Amino acid sequence: MSPKSLPIVNAYWSGDSIIAVSRTVTGERNLKAYPAEYTCFLKAADVPAAVASKLRAWPRIRSWEADGDWIRLRFHTWRDLKEATSKSQYEHPTYGGYESMFDRLGLTVYEADVYPVRRFLTEYAVEIQKPRRCYLDIEADSRVPFGRKEDARILSWAVVDDTGEWVGDLLSADTDAAETALLKDLWECLDQYDQVCAWNGDRYDFPVLKARTELMGIRVAFAGWLWLDHLELFKSMNMHVSESGDEKQSFALGRIATAVLGGETKDDLDGSKTWDYWVAGGEDRERLFRYNVRDADLLRMIEKETGYIDTQLVLCQVCHTLPDSRGGNGTNFVEGYLLKMGRAEGLRFRTNWDMDSGARFEGAFVMEPTRKGLLHSVHVADFSGMYPSIIQTWNISPETIRDDVVLVEDAATRPAYLRHLPPKTYPLPDDVCQVPGGSCFRRDTPGLIPRAIAELKRLRKYWNAAKAKAVPGTPEWHDADRKSNAYKVAANTFYGVMGAPASRFYDQRTASAVTAAGRWLIRHTIAAAEARGMSGIYGDTDSVFIADVTEGAFRAFVDWCNAELYPKLLADLHCPTNEIRIAYEKEFATIVLVGKKRYAGRFAHYKGTRATADSKPEVKGLEYKRGDSAKLARDLQFEVIQSIMGGDEDPASYEAMAARWRDLVVAGTLTRRDFVLSKTLSRDSTAYAQKKKKNGDDAAQPPHVEVAKILCARGYDTGAGARIEYVVVDGWSSPLKAIPVEDYTDGAEDRYYLWEQLVWPATERVLECAFPAVRWAEKFGKVRPKKATAASTAARRRRPAPEEQGKLF
DNA sequence: ACCTGTGGCCTGCTTC
DNA sequence: GAAGCAGGCCAC
C-alpha cells in the first residue's frame with residue numbers, strides 16, 4: 001500500500017474490483033479500479049509448518065504472505081473465503097454442530113468476514129472527500145399501492161443542490177419510451193453528484209428509482225452513488241433534541257419542514273393523487289412538478305438549518321466510513337475506526353460471521369426516588385462522558401482483560417455462603433486494576449479502546465478550542481462545532497459497540513465492566529453526599545439529584561469529589577489513570593419528581609447561569625415528550641407543568657383546570673389532530689406474532705397493528721418503520737375499536753375513552769404526585785356514563801340535552 | 001450488507 | 001382487579 005493519501009468520495013465493489021470514485025480538480029468524476037481483496041489473517045505463530053505447506057498448496061488460496069506477526073491469506077473469490085472460514089462446511093464428527101475448514105485445522109482466522117469495500121478502506125490511506133451532494137425527490141403513479149411501488153411509473157423528478165440550483169423533468173407521455181427518456185435525463189443529472197439525499201429514500205425513492213431504471217433497461221452502476229436517507233438521519237440526530245412529542249408524531253416532510261424552518265410549509269398538494277394531477281395535464285401537471293421541486297428544495301433547507309448531513313460526513317471522515325445511509329451506523333463507524341487503528345498497530349480482530357445473540361448484561365443503576373412530588377431546590381451533578389471516561393480510567397478493552405485474576409472479598413465481608421471457598425487472589429496484584437463487581441484489567445499497557453477514546457477526546461478538545469476562537473455562526477464555527485460533535489458521538493459509541501453481539505468487538509465482559517464501574521461510582525457519590533448531611537433523592541446512570549444543601553456547599557462537594565474522593569477510590573483500585581469528573585450541572589428551583597425517568601423541573605440556574613422567568617421547564621419522560629401520546633394529553637399536561645413551574649401551588653387552581661379540560665374533551669369542539677394517535681410499526685404488519693386465545697380464536701393485536709392490517713389491504717406502506725395514525729372509536733369494548741385516521745368522520749371518536757385513558761391519566765399522575773391531598777382519580781377519572789354503549793353516547797354528544805350535560809359527572 | 005447498550009414507564013390484551 | 005406478557009418510546 002502506498003502511504004500517500006488517496007482521496008475518494010465513494011468506493012464500491014464490482015466484479016473483482018473495488019471502484020474508487022474521486023473527483024478531479026476540474027470536477028470530473030474519476031473512477032479507478034483496485035483489485036478486490038478476499039482476505040483473512042492467521043497468527044503466524046499458530047500455524048505449524050506442515051499445516052502451512054498444506055494450506056499454501058490449496059487451490060482456493062490465491063496468495064499467502066507474511067505481514068508482521070500475521071499471515072495474510074488471499075482467496076480467489078469472496079465465496080471461497082466465506083466457505084472456507086464460516087461454520088457451515090463440515091459437520092463436526094462428535095458434537096453434531098458445524099465447523100469451518102480452519103476449525104478442523106485448529107486454526108483461528110481473523111477478519112475473514114470483513115467486506116471487500118471495508119477491506120479496501122482499511123488497507124489504503126483513503127481520505128473521504130466532501131461529496132458533491134444533491135437532494136432528490138421523485139413523484140410516481142399514485143394509483144399503484146406502496147406494496148408494488150416498483151410498478152409505478154415515475155411521473156417527475158427534481159434534483160436540487162446546496163446552492164439552490166434545481167433541475168427536473170416531467171413525464172411527457174404515459175409510455176416506456178417517455179419514462180426511459182425521463183430517467184436518462186435524471187441519471188445524466190445525477191452524474192454531477194456523488195451523494196443523493198432523499199426523504200424516506202431507503203424505503204421509497206431509491207428502490208423505485210432502481211427498479212424503474214432496470215425495468216427500462218438503462219444500465220447504471222447504482223453503487224456509484226452514496227444514497228442517503230435524509231429522514232432516517234434526521235430522526236437519529238433529532239429525536240433527543242425535540243422538545244415535545246408534537247415534533248415526533250409525524251415525520252412527513254411537510255411537518256418536519258414546518259417544525260425546522262418555521263414559516264416554510266409544503267405545498268398543499270395531495271400526494272396520493274399524483275396520477276390525477278399528471279393526467280389532467282396543463283396547469284395541474286405543472287403544479288405537480290412545482291410540488292416535486294419544492295419537496296426536493298425543502299431537503300436542502302432542512303440541511304442548511306440542521307447541518308446533520310454535514311455532521312454525519314465528519315463522523316464518516318473520522319472513521320473512514322462512506323457517508324451513505326449505513327455510514328452513520330454505530331457498529332459500522334466504530335469498526336471503520338478500529339480496523340484502521342488495528343492495521344496501523346499490527347493488530348487483527350476476530351471473525352464475526354455468525355453473530356450469536358449474546359446474553360443481556362446488567363446496565364446502569366437507576367435510583368428509586370426517595371422523595372416524590374413537588375420539591376424545591378434540588379441540585380444535579382453528573383459525570384461528564386461517564387462511560388468513555390470509565391473505559392479510560394480502568395483501561396477497559398478486550399485485550400487488556402485479566403480474567404485469570406478473580407477477586408474475592410476478604411473473609412470478614414464475604415457472604416457466609418461463600419466462606420468455604422478459598423480466596424483466589426487477594427489483595428489486588430500490582431499490575432492489575434479492578435472494577436468492583438466486574439473484571440480486572442491490566443494497568444501496564446494501554447488498551448486499544450482506551451487509546452481510541454483518548455485520541456477522539458483529544459481531537460474533540462482541539463475542535464472545541466477552534467470553535468471558541470471562531471466567530472459564532474460562520475462556516476469555520478459550524479465546521480469546528482460539527483467536528484467536535486462527531487468526535488463526541490464516536491467516543492460515546494464504543495461502549496455500546498462492545499456490548500453489541502453484532503459487532504466484532506463484542507465482549508460482554510468489557511461492556512458489563514463499564515456499567516459495573518458506573519454503578520459503583522454513582523453509589524459512592526450519593527453515599528458521600530449523604531455522609532455530609534445532604535439527601536440523595538434520585539439518580540440515573542451518571543447523575544445524582546441532591547437536596548438539603550445550599551448551592552455553595554454543593555459546589556464545594558462536587559469539587560471535593562473530583563479532588564479527593566475519586567482519586568482516592570480509584571487509586572485503591574489501582575486504576576492507571578483517573579479521567580473521572582463530576583460536574584455541577586444545574587439546580588431545579590422547582591421539580592415535580594413523578595418517578596424514575598419521569599420529571600419536570602424549572603431551573604434556578606444551569607451551569608451557574610441564572611434562569612429567567614421565561615426559561616422553559618425541562619421535562620423528561622412524561623407524556624408531553626412522547627410522540628405516541630394524544631395531543632390533548634400533551635397540552636393539558638404541559639399547561640399543568642407550566643403553571644406549577646410558574647409558582648402556582650394552590651391545588652384549587654388545578655381542580656378548576658382539570659374540570660375545564662374535562663369538559664372540553666368530553667363535550668367541546670375538537671379536531672382530529674387533538675386525539676389522533678400515532679405509533680411506529682417495529683416490524684412489518686404481517687410479522688407480528690398472532691396469538692391464539694384459549695377458545696381457539698385469534699387474539700387481538702395491539703390497536704396500531706390492527707389498523708395497520710387494514711391499511712396494508714389498501715396498499716399502504718405497512719412495513720417495519722411505517723408510522724400508523726389512528727383514532728379510537730370505541731374504547732369501551734375489549735379489544736377496543738380503532739380506525740385509520742383517513743376513515744375518520746366527525747364525531748366518530750370515543751370522547752370518554754379519550755379523557756379516561758388518553759388525556760387525564762397523564763396529568764393525574766403529575767397532580768397526584770404534586771398535590772397528594774386531593775383525590776384526583778375520584779374527582780376527575782370517570783366520565784363515561786354507566787351502561788352506556790358507544791353508539792348511544794355518540795348520539796347524545798351530537799344533541800346533548802342540557803340536563804344530561806349537568807349530570808355527567 | 002439488518003444490527004451500539006440496559007433500565008423503565010405505560011398501555012392494551014388475555015387469563016385467572 | 002391483578003398478573004404476565006408484548007409493544008412502543010423514552011432516559012441515560
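Proteins get letters first, then strands, A, B, ... in listed order; numbering begins at 1 in each. From a predicted model like this one, the values you see are computed outputs, not experimental measurements.
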Taking the ring centre of each residue, are A/Phe441 and A/Trp394 less than 6.0 Å apart?
no
Determine the sole option in A/Asp730, A/Asp750, A/Val727, A/Val728 for which the side chain to side chain contact (heavy atoms under 4.5 Å, CB included) test with A/Lys737 is passed.
A/Asp730
Could you pull out all residues at least two apart from A/Asp698 that satisfy side-chain hydrogen bond (donor to acceptor under 3.5 Å, both in side chains)?
A/Lys692
Between A/Phe780 and A/Trp755, does the ring centroid distance fall short of 6.0 Å?
no
Please list, in numerical order, the residues of residues 490-514 of chain A that have a heavy atom closer than 4.0 Å to any atom of DNA chain C.
none
Ring pair (Phe, Tyr, Trp, His ring centres under 6.0 Å) between A/Phe545 and A/Tyr599, intermediate numbers included:
CA-CA 12 Å; A/Phe545 288 50; A/Tyr599 57 86; 5.4 Å; yes
Over all strands shown, is A/His240 touching base, sugar-phosphate only, or nothing at heavy-atom distances under 4.0 angstrom?
nothing
Touch check for A/Arg519, heavy atoms < 4.0 angstrom, all strands: base, sugar-phosphate only, or nothing?
nothing
Residues from residues 592-601 of chain A sitting under 4.0 Å of DNA chain C, heavy atoms only?
A/Lys597, A/Tyr599
State whether A/Phe251 and A/Arg723 meet the cation-pi test: NZ (Lys) or CZ (Arg) under 6.0 Å from the six-membered ring centroid, and within 45° of the perpendicular axis.
no
Specify whether A/Tyr34 and A/Phe120 have parallel, tilted or perpendicular ring planes, treating 30° as the upper limit for parallel and 60° as the lower limit for perpendicular.
tilted
Could you tell me whether A/Phe365 contacts a base, only the sugar-phosphate backbone, or nothing, with contacts defined as non-hydrogen atoms closer than 4.0 Å?
nothing
Which is true for A/Tyr387 with a 4.0 Å heavy-atom rule: it touches a base, it touches only sugar-phosphate, or it touches nothing?
nothing
Those residues at least two apart in sequence (or on a different chain) that pass side-chain hydrogen bond (donor to acceptor under 3.5 Å, both in side chains) with A/Thr718 are A/Ser685
Side chain A/Lys457, main chain A/Tyr487, donor-acceptor under 3.5 Å:
no
Non-neighbouring partners of A/Glu725 that pass side-chain hydrogen bond (donor to acceptor under 3.5 Å, both in side chains), sequence neighbours left out:
none
Does CZ belonging to A/Arg371 count more than 12 external heavy atoms closer than 6.0 Å?
yes
With sugar-phosphate meaning primed atoms plus P, OP1 and OP2, does A/Arg723 contact a base, only sugar-phosphate, or nothing at under 4.0 Å between heavy atoms?
sugar-phosphate
Ring-face cation of A/Arg683 near A/Tyr688 (centre distance under 6.0 Å, axis angle within 45°)
yes
Going by atom types only, do A/His320 and A/Tyr337 share a side-chain donor-acceptor pair under 3.5 Å?
no
Give A/Thr680 one of three labels, base, sugar-phosphate or nothing, depending on what nucleic acid heavy atoms sit under 4.0 Å from its own.
sugar-phosphate
With sequence neighbours excluded, tell me which residues meet salt bridge (charged side-chain N to carboxylate O under 4.0 Å, His left out) with A/Glu247.
none
For A/His230, all residues meeting ring pair (Phe, Tyr, Trp, His ring centres under 6.0 Å), sequence neighbours excluded
A/Trp199
Nearest heavy atoms of A/Ile710 and A/Pro740, plus distance in Å
CG2-CG, 4.0 Å
Inter-residue atom distance A/Trp78.CH2 - A/Tyr38.OH, 0.5 Å rounding:
9.0 Å
How does protein reach along nucleotides 11-16 of chain B, written 5' to 3' as B (base within reach of a heavy atom under 4.0 Å), S (only sugar-phosphate), or - (no contact)?
SSSSSS
Expected output is a numbered-order residue list: members of residues 321-330 of chain A with a heavy atom under 4.0 Å from any atom of DNA chain B. What is it?
A/Arg326, A/Asn329, A/Gly330
Nt span of DNA chain C in reach of chain A heavy atoms at under 4.0 Å, 5' end first, is C/dA6 to C/dC12
Quick one: stems for DNA chain B, with Watson-Crick or G-U pairs under 3.5 Å, at least three in a row?
B:5-16 with C:1-12
Set of residues satisfying side-chain hydrogen bond (donor to acceptor under 3.5 Å, both in side chains) with respect to A/Lys679, sequence neighbours excluded
none
